[in-house]
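Here is the structure we will look at.
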Amino acid sequence: MNERIKPIVMPKWGLSMAEGKVTGWLKSAGAKIAVGDEIVEVETDKIAGVVEAGDTGTLRRVLGAPDTVYPVKALIGVIAADDVPDEEIDAYVAEYAAHAAEAGDEEEAGPRYEFVDTPAGRLRYARRSQTGGGDGARAIILVHGFGGDLDNWLFNIDTLAEAGTVYALDLPGHGQSDKAVKDASLKGLSEALIGFMDALDITSAHLVGHSMGGAVVAQTALDQPGRVSSITLISSAGLGEEINRDYTDGFVAAASRRDLKPVLEHLFHDPATVTRQLVDDLLKYKRLDGVDAALKALSSALFPGGRQSAVLAEALKAAPTPVLVIWGESDQVIPAAHAAALGDRARVDVIGEAGHMVQMEKAGRVNELVLNHITA
Amino acid sequence: MARKISMKQAINEALDLEMRRDPTVIVLGEDIVGGAGAPGEIDAWGGVLGVTKGLHAKHGNRLMDTPLSESAYIGAAIGAAACGMRPVAELMFLDFMGVCFDQILNQAAKFKYMFGGKAKTPVVIRAMVGAGFRAAAQHSQMLTPLFTHVPGLKVVCPSDAYDAKGLLIQAIRDDDPVIFCEHKALYGSECDVPEESYAIPFAEANVVREGKDVTIVSYGLTVHRALEAAETLAKTGVQAEIIDLRTLSPIDWDTVIESVETTGRLVVVDEANPRCSIAGDVAAHVAQNAFGALKAAPQMVTAPHTPVPFSPVLEDLYIPSADAIVAAANKTTARALAA
C-alpha cells in the first residue's frame, strides 16, 4: 500500500464495538489536517465520540456517509499530501476494500477481559500492549471513578499502550469485579490496587486515576512511593473538599432511567453524549445485587454530607512522585478550580469544552498529555 | 459476566440463585422434577418444557412434584406464602388458572387488605402464555387482563431473557402475589444476561427503541413484532418509539404518557383478546390523561375476539403481525400504506 496515503477508519472503542455510525464530518474534503484534529463524529450504541487525525495532510476523500453504519476498521476517509495524484488515492481506496474483504474474521480473537483473584476479591481487568514498538517493561494502570468501570478508558487504553503495557481494572464494587467492598476508605481502595499489582507481579507502575480513582492513586503514591513511578490525576477527587452532591447522591439513589439520565448529564460538557444505551448499561450495573450497598458504603466513606472526606493536596506537595493534573473546564462534579491545588508541584492542564469525563470527551489531548508525562 | 442465554435458562438461573440466597424459596408444580413423582426418573423432565431441569439436583426436596390438581397445589403455595415461605408455583399454562381462581383472586389477592396489612402473601405463580405454539385454544391464551383486573395481584410478562431473570428475582423478593407470565414462543430467544443476581423494579417500562413520530406500547412476544414494524416504518421516514411495559400491574403510566406527549400518536399492541384488554386500558388511560397531546385517535392492534385457532394458518393470523402494526401506525400518521 502507498505509504504517503493514510486511512481514516471506523474506530474500535471497547471490546464489544463491532460497528459505528458516522454522524457528521467536522472537516470537509480538501481541508488541511494536523495530528489531533477532530475530523468526524461517530456514534455507537454506547457512546458518541470524535475520530481524531493520527496523520498530517489534506483530507482527500470523505467516504463515510452521514447516518450510515460501518463496521470497525472500515475506510471512512483518506488523508494524503496535496501532491499525491488522485489516481493513486482511488487505487488505494479500491485496494483497501479488497484487503478488508480478504482479512475476513481473522481479527475476532482480540483481547478479552480477564479476571484475577486478590485479597480485595476477584477483580476484572483489560490489558493492552503493542506488539513490536512500545516499552513492554513499563506498566500503566488506569483506575476509574465512583460508579465507573474500565470502559471509562475505552478511548485511551489503546493509545496509551504505545508507552507500555496498560492495565485498566474494575475496582471492588464496580463493573464486573466482586461487588463486596471490604474497606470503603481510600486506604482500602489503595490496598486493593496494590493487591491487584501484587497478583499480576507488577512491581511498579505509572498510575492514572479519574475522579475517585485519582484519589486512590494519590493515596497509593503517598503510601507506596516505591511502587508508583508517576501519577496522573484526571478530574480528581482528593484535591479539595467540594464535590457535587446532586451527582454523587443522585447516582446512588437513581433507580430508573428517568432518574439516572439527568444525573449522568452532569458528567459531560455536552449532555447529548448520554445515550439511551449508556443509561441502560449503568442501570443494569446498578441493579446487580451488592452494587447498591457498595455505592452507599463508598459514598458515605468518601463524600459524606456532600464534602470530600480526604484532601491529599498538602501531603502530595511534599511527596516525590511526579504528578500530572488534567481537568475538564466545565466539570460539574468536582470543580476545575481544584486543578490548582498542588501549585507548582504538578504539571496542570485544564481542557476547554470538556466536563468531568474529560478523558472521553477530549481523549486525544488527554492521551497526548499522559504519554508525555509517562515518558518524560 | 454477561453471556448470551435463552429466556428458559434465565428463568432457571433466577430460581437457582434465589433458592441459594433464601432458604424459604421453594418450587412446586406438575412434573417440575421427575414427572408424576416416579422414582428413578428424578430430574427427567424439569417441567413441561424443561424450565426447572437441573434444579432438583442442586436443591433437592425444595422442589416438589405435585398431583395434577391445580386447585390443591396453588392453594398450598398460597398457604405456604401466608405462613412465611416464598413459594414459586409453576402452573404450566395460564389457561389452567380457572380451577384455582378462588385461591388466587379471593384469597391471595385479598389477605394483605383484609388483615389490615398484617398478612403478606409472597407467592409467585409462573405460567406459560401466548399463541404460536400449535397448542390449541386451551393452551394458548394471553389471559393477562384477567389478572390486571384484580387489585392485590401483580402481573409481569417479560419480552427477553435479561428482563425475565431480573423480573422473576424481583417477583420472588416481592411480598405480594405475582402472576409471572412467560411467553412460550420466547423461551428460546437469547440475549446478554449477567451471571450475577439482579432485580428489575416493577412499574418500570423499558423504552426499547426511541422515536419521535409514534409511540407503540406492547409487552411479551408482540414487542418483537413492534420492533419489526418499526424497521419497516423507518424506511418510510416514520420513527417509532417502542415501549415494553414489562409489568402490567403495577404499570408505568409515566413512561407511556411522556412518550405520547412527544409523539402525539399511540398504537397499543396486545396479544390478548380486544375487549377489556391491556390495549384498551392503555388507550383509555392515554385518552383521558393526555388527550391534548394526541394528534390522532389511539389505535389498538390485538388478537381477534375469538379463541386461539388450532389451524396453523389461522393461528399465524391470530397473533398481531408486524404488518398490522405498521398499518395502525400509518393510520395515526395519516399515511396510506402503499398497497
Side-chain angles (χ1 to χ4, degrees), chain A residues 14-18 21 43 45-46 48 67-69 112-116 121-126 149-151 170 172-180 253-262 272 274-295, chain B residues 1-4 10 13-14 16-18 20-22 160-170 172-173 191-212 231 234-235 237 239 241-244 246-247 250 252-259 261-262:
Chain A
L15 293 180
S16 60
M17 180 172 168
K21 182 160 87 178
E43 186 180 282
D45 55 359
K46 294 205 190 298
D67 290 323
T68 306
V69 173
R112 298 192 161 276
Y113 297 131
E114 296 175 71
F115 288 84
V116 62
R122 192 159 185 256
L123 302 183
R124 180 181 70 149
Y125 67 101
D149 68 20
L150 57 82
D151 278 334
D170 287 341
H174 289 82
Q176 291 176 16
S177 291
D178 278 355
K179 297 305 175 297
S256 67
R257 177 185 311 178
R258 197 176 296 108
D259 295 339
L260 189 56
K261 189 162 188 280
V274 180
T275 61
R276 191 175 66 84
Q277 190 67 40
L278 184 73
V279 180
D280 274 358
D281 285 352
L282 274 164
L283 261 190
K284 285 182 177 178
Y285 156 70
K286 283 180 73 358
R287 284 186 191 130
L288 294 172
D289 276 9
V291 167
D292 189 54
L295 293 177
Chain B
M1 186 78 196
R3 75 262 107 105
K4 283 203 192 313
E13 201 167 90
D16 185 22
L17 287 167
E18 285 304 282
R20 275 197 255 164
R21 187 188 64 86
D22 182 348
D160 69 19
Y162 174 83
D163 286 352
K165 179 172 169 181
L167 290 167
L168 182 53
I169 288 174
Q170 175 64 34
I172 293 170
R173 295 176 186 179
C191 69
D192 281 343
V193 179
E195 286 173 26
E196 298 120 300
S197 286
Y198 58 94
I200 298 175
F202 288 169
E204 193 192 304
N206 188 21
V207 181
V208 293
R209 179 186 172 116
E210 286 178 323
K212 59 177 176 41
E231 292 296 323
K235 286 176 192 150
Q239 294 301 331
E241 178 145 298
I242 299 180
I243 296 175
D244 177 1
R246 298 201 285 205
T247 59
D252 180 359
W253 290 126
D254 290 349
T255 295
V256 174
I257 295 285
E258 272 174 26
S259 176
E261 282 174 347
T262 309

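The chains referred to below are lettered A, B, ... by the order of the sequence lines, with proteins before strands, and numbering in each begins at 1.
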**Message:** My understanding is that only residues two or more places apart in sequence, or in another chain, count here; which of them pass side chain to side chain donor-acceptor pair (under 3.5 Å) with B/Lys235?
**Reply:** none
**Prompt:** Taking all non-hydrogen atoms of both residues, which atom of B/Pro201 and which atom of A/Ala255 are closest, and how far apart?
**Reply:**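 For B/Pro201 versus A/Ala255, the nearest heavy atoms are CG-O, 4.2 Å.
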**Message:** Could you check whether any side-chain heavy atom of B/Glu204 comes within less than 4.5 Å of a side-chain heavy atom of A/Arg258, counting everything from C-beta outward?
**Reply:** no
**Request:** Under 4.5 Å heavy-atom distance to chain B, tell me which part of A/Arg257 shows up: side chain, backbone, both or neither.
**Result:** both
**Message:** Can you list the residues of residues 283-291 of chain A that sit under 4.5 Å from chain B, counting heavy atoms only?
**Reply:**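 Heavy-atom contacts from residues 283-291 of chain A to chain B are A/Leu283, A/Lys284, A/Arg287, A/Leu288, A/Asp289.
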**Contacting region of B/Leu17 [heavy-atom separation from chain A under 4.5 Å]** = neither
**Message:** Under a 4.5 Å cutoff for heavy-atom pairs, which residue among B/Ser197, B/Ala199, B/Gly166 has the most contacts with chain A?
**Reply:**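 Heavy-atom pairs under 4.5 Å are most numerous for B/Ser197.
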**Request:** Mind checking the CG-OG spacing from B/Asp254 to A/Ser256? Nearest 0.5 Å is all I need.
**Result:** 9.0 Å
**Prompt:** Atom CZ of A/Arg276 and atom CZ of B/Arg209: how far apart are they, to the nearest 0.5 Å?
**Reply:** 9.5 Å
